[in-house]
Amino acid sequence: MPDTIAAIATANAPGGIGIVRVSGPGAFGIAKKIFRPKFGLDWESIRGYRMVYGEVEGIDEAICLLFRGPGSYTGEDVVELQCHGGPLLLRQALQAALDAGARMAGPGEFTRRAVLNGRIGLTQAEAVMRLITAQSEQGLRAARTALGGALSEKIAGVRESLIALAAHIGAWADYPEEDISPLSDREAEDVLKGAEMALRELIEGSKGAQAVLEGVSAALVGRPNAGKSSLLNRLTGYERAIVTAMPGTTRDTVTETVRLGNLTLRLTDTAGIRDTEHPVEKAGVERSVEAMKNADLVLVVADASEGLTREDEGLLGQCDRERTIVVWNKIDLINTPRRYAPPPSIEGGFGYVVETSAVTGEGLDDLARAAEEICQTEGFVPGEAMLATQRQAQCAAGALEAVREALFAMENGFAPDAVSVCLEDAVQALFALTGERAGDAVVEEVFRGFCVGK
Ligand code: GDP
């Protein structure tokens, strides 16, 4: 029998209302101990759900919401105590629940119970997480779609077709005396090709989804004074990094979450990369190189009014061209006739060169478009079933590979057993994707990033 868990379900900050949530077989008993209904209550008679006004004894007046399992969020008996939203007050209310027999919930434990009790699937649990952390309108819409079960439905369709095929092949091979019509190769191949196409389209169509939903890590690098901090400020809309006209002042790294086009960037402004013996700056340079290595996207900022220097060239030499945008900044300083064009050495080697001014804001749309192109989010439509996390994408890729192997086995006249083995692999991968029959490790991974109280 599971134990009873409790946590503060609202944010740890002063607010109008704060909620302590309790779930498990002992939830009602705990509520009975710590909550005194103002007008009395027959606890045993509660079916479905009830809302009761009263007091968390000695702590605060409260509204108590009682949900009788299995019709609750977790599928268990659930109690939510809605108090005033003071962090200290809520901690006291939580402590009262713990003293009355509850155990402190771990991250995501309420949602995990919802999954274990069959209230929602694993992909929906992941969607709950995204609803909470969504930073963009599109991310929110995508999470809602996922919560509706669009992905699970799509995957179930593919999976059922593969199971039916595997069953037919198995029955035909294992029971030759039964009069099972052999599936023609054509029919079997049609099923496999259908599955192949569905998975391929899903994977292709989801490429941008992870970038939009999970965000993209980006590094801002370039010589001191090229305008990195100014650009960061322009994107965040406030003076977070200190901008000065002295070279080499941004020695520490600063990370901000900013919107660029439809992307959420975790943008790290690194110390200016330059050849230096100065120990403090040297540490900064190392951090820059490190940030570049770990980033999905690199913005190399160069000062257009000075033209490309040897240091710039050296830096560009260390960049991975596929995910680098050369930001030709301070374009406002260049008068049209004698405008420095981006040097041919950049244009030849780098696909993405944009001219910007951190001062006027010119060119930031181009920057957004280039970033969207690199992250493949230009055509992202949040209203459809999509693979929203890396975990889901990996499962789908594994299934696709197994389906292709099955097709290869069919087309090359391998024994039915060989086809069956591939089909089994594909089906397993799809089960893991939606969380049915997923191993503990998978479930663990999904809930690790959750906040306590959800
Ligand atoms: P960082 O060292 O690369 O972070 O460069 P900063 O952002 O500190 O900028 C250095 C100087 O260049 C500051 O005086 C900025 O105001 C100026 N600056 C940055 N971007 C631009 C730009 O696009 N146009 C102009 N005119 N000045 C800029």
Side-chain angles (χ1 to χ4, degrees), residues 217-261 265-293 295 297-319 324-343 346 350 352-371:
S217 65
L220 252 183
V221 298
R223 288 194 307 125
N225 247 20
K228 296 179 297 300
S229 315
S230 307
L231 214 54
L232 182 64
N233 288 336
R234 186 85 205 181
L235 293 173
T236 53
Y238 67 99
E239 301 260 316
R240 172 67 172 77
I242 303 153
V243 183
T244 62
M246 283 280 293
T249 45
T250 317
R251 290 202 179 113
D252 257 317
T253 57
V254 176
T255 300
E256 288 286 348
T257 301
V258 302
R259 298 280 309 153
L260 185 62
L265 298 188
R266 290 182 301 279
L267 190 57
T268 303
D269 177 16
T270 61
I273 292 208
R274 74 193 307 215
D275 288 323
T276 175
E277 292 307 308
H278 195 290
V280 178
E281 270 199 353
K282 195 139 179 259
V285 172
E286 276 157 21
R287 267 199 295 275
S288 301
V289 173
E290 198 56 29
M292 262 164 60
K293 253 196 303 197
L297 188 66
V298 178
L299 309 183
V300 179
V301 185
D303 186 337
S305 69
E306 290 190 357
L308 203 68
T309 67
R310 267 200 29 239
E311 287 171 74
D312 291 332
E313 303 245 22
L315 177 57
L316 288 170
Q318 297 192 45
C319 291
T324 297
I325 302 173
V326 180
V327 183
W328 199 236
N329 190 41
K330 305 200 190 180
I331 207 72
D332 58 294
L333 292 181
I334 314 237
N335 300 322
T336 335
R338 47 175 292 273
R339 179 171 214 173
Y340 285 75
I346 305 186
F350 286 82
Y352 304 96
V353 180
V354 295
E355 301 183 350
T356 63
S357 166
V359 169
T360 67
E362 185 186 343
L364 292 183
D365 287 347
D366 296 337
L367 181 60
R369 253 192 305 279

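Read the numbers this way: they start at 1 and go in the same order the structure lists the ligands and their atoms. What you see is a predicted model, and the numbers here were worked out from it, not measured in a lab.
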**Ligand-side contact atoms (ligand 1) for residue partner Pro224, heavy atom cut-off under 4.0 Å** = 2 (O)

**Prompt:** Looking at ligand 1, does Gly222 have a heavy atom less than 4.0 Å from it?
**Reply:** no

**Asked** Are any of the N/O atoms in Gly227 less than 3.5 Å from those in ligand 1?
**Response** yes

**Atom pair OG1/CG of Thr324 and Leu297 - distance to nearest 0.5 Å** = 8.0 Å

**Prompt:** Heavy-atom contacts under 4.0 Å between Asn225 and ligand 1: side chain, backbone, both, or neither?
**Reply:** both

**Message:** Show the atoms of ligand 1 that are less than 4.0 angstrom away from any heavy atom in Leu333.
**Reply:** 26 (N)

**Euclidean distance, Met292 CE relative to Leu315 CG, rounded to 0.5 Å** = 5.5 Å

**Request:** Taking side chain to side chain donor-acceptor pair (under 3.5 Å) as the test, write out the residues that go with Asp365, two or more places apart.
**Result:** none

**Item:** Numbered atoms of ligand 1 (with element) below 4.0 Å of Ala358, judged on heavy atoms
**Value:** 20 (N), 22 (C), 23 (O)

**Asn329: partners by side chain to side chain donor-acceptor pair (under 3.5 Å), with sequence neighbours left out** = Thr356

**Asked** Do ligand 1 and Leu231 have nitrogen or oxygen atoms that lie under 3.5 Å from each other?
**Response** no

**Prompt:** Could you go step by step and tell me if Arg223 and Glu306 meet the salt bridge (Lys or Arg N to Asp or Glu O under 4.0 Å) rule?
**Reply:** CA-CA 11 Å; Arg223 288 194 307 125; Glu306 290 190 357; 2.6 Å; yes

**Prompt:** Any idea which part of Val359 is under 4.0 Å from ligand 1, heavy-atom wise: side chain, backbone, both or neither?
**Reply:** both

**Request:** State, with a plain yes or no, whether a side-chain heavy atom of Val354 is found less than 4.5 Å away from one of Ile325.
**Result:** yes

**Request:** Show which atoms of ligand 1 fall inside a sub-4.0 Å distance from at least one heavy-atom site of Asn329.
**Result:** 20 (N), 21 (C), 23 (O)

**Complete:** Paired with Trp328, the side-chain contact (heavy atoms from CB on, under 4.5 Å) test is passed by just one of Leu308, Asp303, Val300, namely Leu308

**Fill in**
Counting from 1 in the order shown, the ligand 1 atoms closer than 4.0 Å to a non-hydrogen atom of Lys228 are 1 (P), 2 (O), 3 (O), 4 (O), 5 (O), 7 (O)

**Request:** Any atoms of ligand 1 less than 4.0 Å from a non-hydrogen atom of Arg223? List them with their elements.
**Result:** 3 (O)

**Asked** Is there a donor-acceptor contact under 3.5 Å from the side chain of Lys330 to the main chain of Ser357?
**Response** no

